[in-house]
Amino acid sequence: MLDGVNDVILDLAGSPWVYLVVFAFVAVDAFVPPVPSESALVALAAVSVSSGDPDLLLLGLVAVAGALVGDNTAYGIGRKMGTDRFAILRRPKAVEVIERAEHELDKRAATLILTARYIPVGRVAVNVTAGATRFPYRRFLPLAVLAAVSWAAYNIGIGVVAGSWVRDNPLLGAAAAIVFALIVGVAIDKILAHRRSTSQDVSKRPAS
């Protein structure tokens with residue numbers, strides 16, 4: 001059974017259609033977070049180490065293009081419709097991100113946009129908020145490009161490292177890459193939460 005699943009993954013990885021699938025996953029994931037674009041990207045990168053397909057450079061370029069299309073779409077949605085018409089953006093976590101983005105986009109735009117790209121709900125909330133608050137597009141676009149490139153390189157890098165550990169089993173390499181990505185993602189969430197908590201504690205201290 002395991003060999004059969006391996007064959008399916010390798011068949012998909014070796015097909016030209018895989019690039020279109022990755023592009024679609026990444027683009028849609030920018031405003032529909034449940035789509036597993038990170039998992040697909042790291043898994044395919046891990047498989048590439050073992051089989052040579054898909055091409056890593058092309059995979060990275062397609063992922064960057066998809067991220068840019070998706071993030072710009074989210075920005076456009078926010079500009080035209082605001083942030084309060086979508087159920088996912090009315091959830092407590094998303095509302096918290098939106099409120100923070102509204103107050104800090106002018107001061108810390110680079111930090112918010114770059115960091116949010118790694119957090120499924122965060123990137124939707126921040127990019128939609130950037131559009132809704134009329135954050136200048138000439139400032140948004142370069143940051144979105146930088147975020148997309150770093151995000152794609154990060155996910156492919158995880159896949160390559162995991163795939164190198166288990167070259168003889170593409171499926172195991174893909175699974176290891178996904179687990180590693182999840183662990184790093186949780187760690188990033190914890191670090192960001194700690195930083196927010198520290199910042200709030202500092203802001204509440206009375207001036208001496």
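When the shell of 6.0 Å around CZ of R138 is examined, it contains 12 or fewer heavy atoms from other residues, nucleotides or ligands.
Contact of the E38 side chain with the W151 side chain is registered, since non-hydrogen atoms from C-beta on lie closer than 4.5 Å. L41 is listed as a side-chain neighbour of I156, based on a closest heavy-atom distance under 4.5 Å. The shortest distance between side-chain heavy atoms of L20 and W17 falls below 4.5 Å. Residues F135 and I113 form a side-chain contact, since some pair of their non-hydrogen atoms from C-beta on lies under 4.5 Å apart.
The existence of a salt bridge linking R117 and D71 is confirmed by a sub-4.0 Å separation between a basic side-chain nitrogen and an acidic carboxylate oxygen.
Proximity of a side-chain donor or acceptor of Y19 to a complementary backbone N or O of D55 within less than 3.5 Å is detected. In terms of modelled atom types and a separation under 3.5 Å, the side chain of T115 and the main chain of L112 share no donor-acceptor contact. T73 contributes a side-chain N or O that, together with a main-chain N or O of V69, makes up a donor-acceptor pair within less than 3.5 Å. The main-chain N or O of F25 is never found under 3.5 Å from a side-chain atom of D29 such that the two would form a donor-acceptor pair. Although no hydrogens or angles enter the test, the distance criterion places a donor-acceptor pair under 3.5 Å between the side chain of R134 and the main chain of R79.
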List the atom pairs, with distances to 0.1 Å, where a side-chain N or O of residues 58-66 and a protein N or O form a donor-acceptor pair under 3.5 Å, not counting sequence neighbours.
none

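Of all heavy-atom pairs spanning A45 and G159, the tightest one is CB-CA, 3.9 Å. Between A74 and N127, the closest heavy-atom pair is CB-CB, 3.8 Å. Pairing each heavy atom of V124 with each of A30, the nearest pair is CG2-O, 3.2 Å. Closest approach of R139 and A109 over heavy atoms only: NH2-CB, 3.9 Å.
V160 and V26 end up in the same hydrophobic cluster when Ile, Leu, Val, Met, Phe, Trp and Tyr side chains are linked at under 4.5 Å. Both F23 and Y154 belong to a common hydrophobic cluster when Ile, Leu, Val, Met, Phe, Trp and Tyr are linked at side-chain heavy-atom distances under 4.5 angstrom. Tracing side-chain contacts under 4.5 Å through hydrophobic residues (I, L, V, M, F, W, Y), one reaches V126 starting from Y137; they form part of the same cluster.
Interatomic distance, L141 CG to L68 CG, rounded to the nearest 0.5 Å: 7.0 Å.
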